[in-house]
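I have placed the structure first, in the form of structure tokens, so that the comments after it can refer back to it.
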Amino acid sequence: MATEVDPQLLEKIRAAAQAARQAADTAQLYAEQVAAGAAAASGGAIDPFIFRLAIFALAVIVGYYVVWAVTPSLHTPLMSVTNAISSVIVVGALLSAGIDSSLGENSGTARFFGFLALTLASVNIFGGFLVTERMLSMFKKKG
Amino acid sequence: MLNGNIAALLYLIAGVLFILALRGLSSPETARQGNRFGVIGMAIAAATTLLYQLPSGFSSFLWVVLAVGIGGSIGVWRARTIQMTEMPQLVALFHALVGLAAVFVAGSALYGPQAFGIGVPNNIHGSTLFEMSLGAAIGAITFTGSVIAFLKLDGRMTGNPILLPNRHAINIGLAILLAVFIFAFIPTEAHFVFWLIVLVSFALGVLLIIPIGGADMPVVISMLNSYSGWAAAAVGFTLANLALIITGALVGSSGAILSYVMCKGMNRSFISVILGGFGGEIAGPPPGEGDVERPPVKQGSAEEAAKILLAAKKVIVVPGYGMAVAQAQHALREMADILKSKGIDVKYAIHPVAGRMPGHMNVLLAEANVPYDEVFELEEINPEFTSADVAFVIGANDVTNPAAKTDSSSPIYGMPILDVENAKDVLFVKRGLGSGYAGVENELFFRNNTTMLFGDAKKMVDSIVKALG
């Protein structure tokens, strides 16, 4: 049966395959150029920075939609809770407050800044979440 | 202890929980659940960090406990004792703390990069140094800017715009200087240049906020909210931490949207707010003065007001910041309760900029046990004024001024207002005839169907409650 296939059809398939290969080659070329550009910019392999930038851009978009969905009556709690969560900067403070002071001459300074940052961020975390909770508990329905 | 990939995944989970925390705020019913998601996210992020890299040695561990202990107790104490009227000040201070923490974390990343795995001293990657200086700069601007905002909101500094000569030139000069320092810092990694960046940013933060007047504070506080987010995001890039990057992006866009909402509520462009110079403390001539001949206003007593209210079927209360200053919200709710017990329909109408920060008035009413389903936003309630018998305006002025619609020469022209003029009767509780923040006279005061109730808002409402009794 296979031998009875219309030669014209075969020709068409071959042409389509050819076009696809060409397209793939072009795409490959473009990708290589982009990669080369990225590599030139980052001095080697594609920088993980690009990956982080993607996460960042997507989070901005998610934030845009989520915040527009917040009811205006809760805009004050929104602000206090964003305050609390932006104190996730505490992850940096924790790392530097716990640094090994034998690592170098400046590690004591690093640890001191970490200690200050950790104190400030802790005020915000505890204060922010608690005051948000306090406000939200006031919002009651009729009756 | 923890594998790096697992730690990154846990940070991602924390970031997602933060998104859910904001998502919860779409309705008061889900909001507390959302707040708990936020707490869980924070706990995951902190625990992941501690497990990923345990504090080295017992003394380090003690430092961590000490810092969390001190900071945590201050936070708990402030959260428990703060008055709801002082919420804007507290939020401004919290912004300041985030900003300063960003500066310190960037600083400690510079002095001890090994702790973050971003290199060794004097050999930190150029892009990391760029992100670090950006985080420190935005953090420093947020810090001093928020401190100024706090001082203005707290009345420790004049709410009037402080306009330096050539301030735009000074600001542009500082911004250029900042850029120069950042580009000098990247190839040299010089510590003193880092501190110069911080110093210039501190100055810039002060200079950006002092020219902005009291009336624009709701925009300023939202804007600083946004800045604190971008600072956190920049530090997140420095430390390659996903939780921090996601949160920074969320907070940054949240603050930007709130700024936009507030600007729209005042019909002000964001640029003109930033440039400053608009609106001071209560301005305008005291009662009786002014150059235009005006018909006398109709002045009423608490008893007359009570009579008008009792004759009504539908009352819309329009509270403004003056009500909160006089602490009249509890008396107001008492008044509403009496009216409701007599079968009168009572609703509250909130202007977007009714308080001193976004949503402030809603919190103040909620604190006075006003159910949230009786409180409506401008767009929802405006069509209802035509069917209302009484609009009870207390401590608000500019947000009811019809000049915003009719007088194109008025400074508040174009601002969305609450259409209290459409109600059959308007009761104005006010201290005097003085004009509001914008310094514009309100022609409503002189209309036939308006009754002015002069006096302290709380005392006046107390007397009305007595007269209703």
Side-chain angles (χ1 to χ4, degrees), chain A residues 52 55-56 59-60 62-64 66-67 69-70 72-76 78-83 85-86 88-89 91-100 103-104 106-107 109-110 113-127 129-133 135-136 138-142, chain B residues 18 22-23 25-26 28 31-32 35 38-39 45 49 55-56 60 63-64 67-68 70-72 74-76 78-79 91 94 97-98 100-101 104-105 107-108 111-112 114-116 225 228 232 239 241 243-247 249-251 253-254 257 358-360 362-363 366-367 371-373 377:
Chain A
R52 279 174 220 131
I55 299 261
F56 176 74
V60 169
V62 169
Y64 178 85
V66 169
V67 171
V70 171
S73 62
L74 293 179
H75 275 166
T76 296
L78 169 67
M79 222 179 244
S80 63
V81 86
T82 52
N83 240 315
I85 63 172
S86 54
V88 73
I89 203 161
V91 296
L94 277 172
L95 287 177
S96 51
I99 191 177
D100 188 349
L103 271 175
N106 280 328
S107 57
T109 320
F113 287 141
F115 175 77
L116 291 178
L118 185 54
T119 312
L120 298 178
S122 303
V123 176
N124 246 343
I125 293 173
F126 286 84
F129 281 124
L130 262 179
V131 88
T132 308
E133 183 68 29
M135 274 190 276
L136 292 176
M138 291 170 183
F139 281 83
K140 291 193 188 82
K141 256 192 139 147
K142 213 179 314 206
Chain B
F18 292 152
L22 300 195
R23 182 80 193 109
L25 289 171
S26 56
R32 296 180 76 181
N35 197 35
V39 174
T49 312
S56 63
S60 289
W63 282 113
V64 169
V68 174
I70 296 174
I74 296 174
V76 170
R78 285 321 288 154
V91 168
F94 279 169
L97 296 185
V98 176
L100 195 57
F104 285 142
V105 171
S108 70
Y111 282 82
Q114 311 95 320
F116 307 95
N225 187 226
S228 71
L239 308 183
N241 185 295
L244 205 40
I245 292 174
I246 294 175
T247 314
L250 286 180
V251 178
S253 44
S254 162
I257 289 172
H360 192 196
N362 302 79
V363 172
E367 189 195 15
Y372 64 79
D373 39 6
E377 307 299 323

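Here the structure is a predicted model, which is why all the values come from computation and not from measurement.
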To check you understand the geometry: which heavy-atom pair defines the closest contact between [X] and [Y], and what is its length?
X       : Y       : result
A117(A) : F104(B) : CB-CB, 3.7 Å
R23(B)  : A69(A)  : NH1-CB, 3.5 Å
E377(B) : S73(A)  : OE2-N, 3.7 Å
A110(A) : G112(B) : CB-N, 3.5 Å

Residue selection (most heavy-atom pairs with chain B, distance under 4.5 Å) from [options]:
options                         : value
V131(A), I55(A), V62(A)         : V131(A)
T76(A), L130(A), L78(A), V67(A) : T76(A)
L74(A), V60(A), V88(A), T109(A) : V88(A)

* Where do V68(B) and F126(A) land on the side-chain contact (heavy atoms from CB on, under 4.5 Å) test, with the steps shown first? -> CA-CA 9 Å; V68(B) 174; F126(A) 286 84; 4.1 Å; yes
* V91(A), part contacting chain B, at a heavy-atom distance under 4.5 Å ->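 For V91(A), backbone and side chain are both near chain B.
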* Asked: Tell me, side chain or backbone of I125(A) under 4.5 Å from chain B's heavy atoms, or both, or neither?
  -> side chain
* Asked: Given a strict heavy-atom distance threshold of 4.5 Å, which part of I246(B) is in contact with chain A: side chain, backbone, both, or neither?
  -> both
* Asked: chain A heavy atoms under 4.5 Å from N35(B): which part of the residue, side chain, backbone, both or neither?
  ->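 When you check distances to chain A, atoms from both the backbone and side chain of N35(B) fall under 4.5 Å.
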* Apply side-chain hydrogen bond (donor to acceptor under 3.5 Å, both in side chains) to S96(A) and list each qualifying residue two or more places apart in sequence or on a separate chain. =>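 In terms of side-chain hydrogen bond (donor to acceptor under 3.5 Å, both in side chains), with neighbours along the sequence ignored, S96(A) is linked to S108(B).
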* Return the set of residues passing salt bridge (Lys or Arg N to Asp or Glu O under 4.0 Å) with E367(B) (not counting sequence neighbours), or none when no residue passes. =>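 Expected list: none.
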* Among N83(A), L120(A), T82(A), which residue meets the side-chain contact (heavy atoms from CB on, under 4.5 Å) test with V98(B)? -> N83(A)
Give, for atom [atom1] of [X] and atom [atom2] of [Y], the distance between the pair rounded to the nearest 0.5 Å.
X       : Y       : atom1 : atom2 : answer
L22(B)  : I85(A)  : CG    : CD1   : 4.5 Å
K140(A) : Y372(B) : NZ    : OH    : 11.0 Å
N225(B) : M79(A)  : CG    : CE    : 4.5 Å
L250(B) : F56(A)  : CG    : CZ    : 10.0 Å
Q114(B) : N106(A) : CD    : CG    : 9.0 Å
T247(B) : I89(A)  : OG1   : CD1   : 10.0 Å

* Quick check: does any side chain N or O of D373(B) sit under 3.5 Å from a backbone N or O of K141(A), one acting as donor and the other as acceptor? -> no
* Asked: Given V66(A) and L25(B), is the side-chain contact (heavy atoms from CB on, under 4.5 Å) satisfied, shown in steps?
  -> CA-CA 9 Å; V66(A) 169; L25(B) 289 171; over 6 Å; no
* Given the options S228(B), S26(B), A232(B), P28(B), which has more heavy-atom pairs under 4.5 Å with chain A than any of the others? -> S26(B)
* To do: Considering only heavy atoms and a distance below 4.5 Å, find which of G75(B), G359(B), G71(B) pairs most often with chain A.
  => G71(B)
* Got L118(A) and W63(B) here, is their nearest side-chain heavy-atom distance under 4.5 Å? -> no
